[in-house]
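Below is one structure, written out as structure tokens; comments come after it.
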Amino acid sequence: MSNESNRILVTRSSMPPLEEYLEEIAPLWESHWLTNMGREHRKLEAALRERLGVKNIALFTNGHSALECILEALQLPRNSEVITTPFSFASTTHAIVRKNLMPVFADIKADDFTLDPESVEKLITPRTVAIVPVHVYGLPCDVKAIQDIADRHGLKVIYDAAHAFDVRVDGRGIADFGDASMFSFHATKVFNTIEGGAVCFRDTALYPVLEQWKNFGIVGPESVVYSGGNAKMNEFCAAMGVCNLRHLDDEIAKRKKVAERYWENLADVSGVRTFQPAENVRHNYAYLPVTFEPDVFGATRDDVFDALAKRNVGARKYFYPLISDYERYRAIYASERTPTAVHAAATVLALPMYADLSLEDVDRICAIVKGVRPCA
Ligand code: T4K
């Protein structure tokens with residue numbers, strides 16, 4: 001692990017065998033149909049509907065566009081409040097803001113980094129219209145408590161399920177909760193379409209709206225009814241998804257072995273915490289978050305990050321800084337109001353996680369972690 005060629009990054013895209021992809025895209029050379037909801041797009045849509053066990057799904061160029069689009073399609077009143085988490089990727093809050101809604105940050109739970117329902121409930125005002133929770137690292141939110149709050153207060157629930165593809169709770173697909181769930185199929189995800197994303201949604205009437213939004217609001221050759229954007233998944237990305245989906249079970253099984261090796265290695269290290277899914281959850285092993293409590297472990301998260309970087313291991317501080325601490329938002333929000341999120345952002349590190357990471361490399365990464373001593 002000492003030179004560029006054996007550098008280990010936080011993740012590595014899974015790809016199907018080249019021949020399989022070539023076979024999938026070969027017909028495109030005959031049809032010359034490359035985008036605008038072609039054959040591969042529809043094929044992937046149908047395959048995902050089945051895999052995820054959902055009635056409604058629409059594909060997009062990326063998860064972010066899917067999230068923006070569903071927020072718009074639900075026609076949430078301009079400037080109304082949407083309760084969300086500051087412990088996420090930029091996309092979650094940006095989508096809310098870009099749709100002229102006001103994000104309100106609730107705190108998270110220390111045991112799985114997802115929105116704390118108690119904190120959510122305290123922040124509800126007459127202007128609150130929706131909750132946008134995140135199944136961060138693929139760890140499911142407290143879906144029952146969140147739905148209970150939403151039902152009692154008449155709120156929509158739109159999950160950012162970017163990390164949670166194929167996760168199940170009590171045997172139910174993760175997209176079966178809330179009004180809608182957005183998935184990211186970015187190259188760094190468990191299931192990728194190079195760039196891509198999707199939204200699954202409860203109300204079937206939204207399907208034409210989402211289809212039109214991603215194609216400029218065009219309804220027919222001479223009819224444009226909506227100020228839509230352009231966010232259509234193209235045929236090459238869809239074909240990548242069609243192929244990758246065939247290998248998904250194998251991908252997740254390999255990730256499980258990697259995760260278990262990490263958990264085993266780090267189990268008895270004081271001040272180090274790993275995050276296993278609850279028994280009722282079928283996990284996807286999307287990320288490998290670990291927290292370091294400096295008072296107990298004897299070194300900070302940043303010490304661990306630096307030690308790994310020195311040995312050519314690229315861990316990532318997902319998610320530091322908190323969104324509420326971004327230059328864009330920090331004048332408006334006070335992160336002290338979400339102390340658990342502040343603590344998580346300061347102590348968490350995502351260690352390398354991908355299907356082909358060898359167990360020997362996991363052992364070496366863990367040995368570096370365990371050997372970390374603070375810089376003098
Ligand atoms: N909501 C949440 C909670 C999200 O985490 C995200 C995206 C979204 C919404 C929005 O979904 P999308 O619109 O992206 O579909 C990455 C991804 O770009 C982003 O999709 C992801 N979350 C975020 C957590 O991570 P970076 O800036 O960390 O990516 P990057 O380029 O540093 O890549 C990380 C590692 O992945 C590299 O060190 C190596 C590996 N990699 C990367 C690329 C680009 C590959 O193996 N192949 C590749 O092609 O943002």
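In each ligand, atom 1 is the first atom listed, and ligand 1 is the first ligand listed. Worth knowing before you read on, the calculation uses all heavy atoms, side chains too, and leaves out hydrogens, waters and symmetry mates.
- Within the 4.0 Å heavy-atom criterion, both parts of T11, backbone and side chain, lie near ligand 1.
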Report, one line per pair, each donor and acceptor closer than 3.5 Å where one atom sits in a side chain of residues 285-292; sequence neighbours left out.
none

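- Using bins of under 30°, 30° to 60° and over 60° for the plane-to-plane angle, the ring pair Y137/F319 lands in the parallel bin.
- The ligand atoms of ligand 1 that sit less than 4.0 angstrom from a heavy atom of R12 are 46 (O).
- Judged by distance alone, with hydrogens and angles left aside, the side-chain atoms of R152 form no donor-acceptor pair with the main-chain N or O of Q147 at under 3.5 Å.
- Under the 30°/60° scheme for interplanar angles, the aromatic rings of H135 and Y159 are found to lie parallel.
- Residue contacts with ligand 1 for E195 are absent, since no atom lies close enough (heavy atoms, distance under 4.0 Å).
- In this structure, atom 47 (N) of ligand 1 has a protein heavy-atom contact shorter than 4.0 Å.
- Checked by distance only, ligand 1 and Y287 stay at 3.5 Å or farther apart across all their nitrogen or oxygen atoms.
- Annotation: atom 33 (O) of ligand 1 to nearest protein heavy atom, T188 CG2, 3.8 Å.
- Each of the atoms 48 (C), 49 (O) of ligand 1 lies under 4.0 Å from some heavy atom of A187.
- The distance from ligand 1 to the heavy atoms of S88 drops below 4.0 Å at these ligand atoms: 3 (C).
- Close approach of ligand 1 to S91 is summarised as follows: ligand atoms under 4.0 Å from at least one heavy atom of the residue are 8 (C), 9 (C), 10 (C).
- Numbered from 1 in the order shown, with element, the atoms of ligand 1 that lie under 4.0 Å from a heavy atom of G196 read 15 (O).
- For ligand 1, the polar-atom distance check finds an N/O of G63 within less than 3.5 Å of one of the ligand's N/O atoms.
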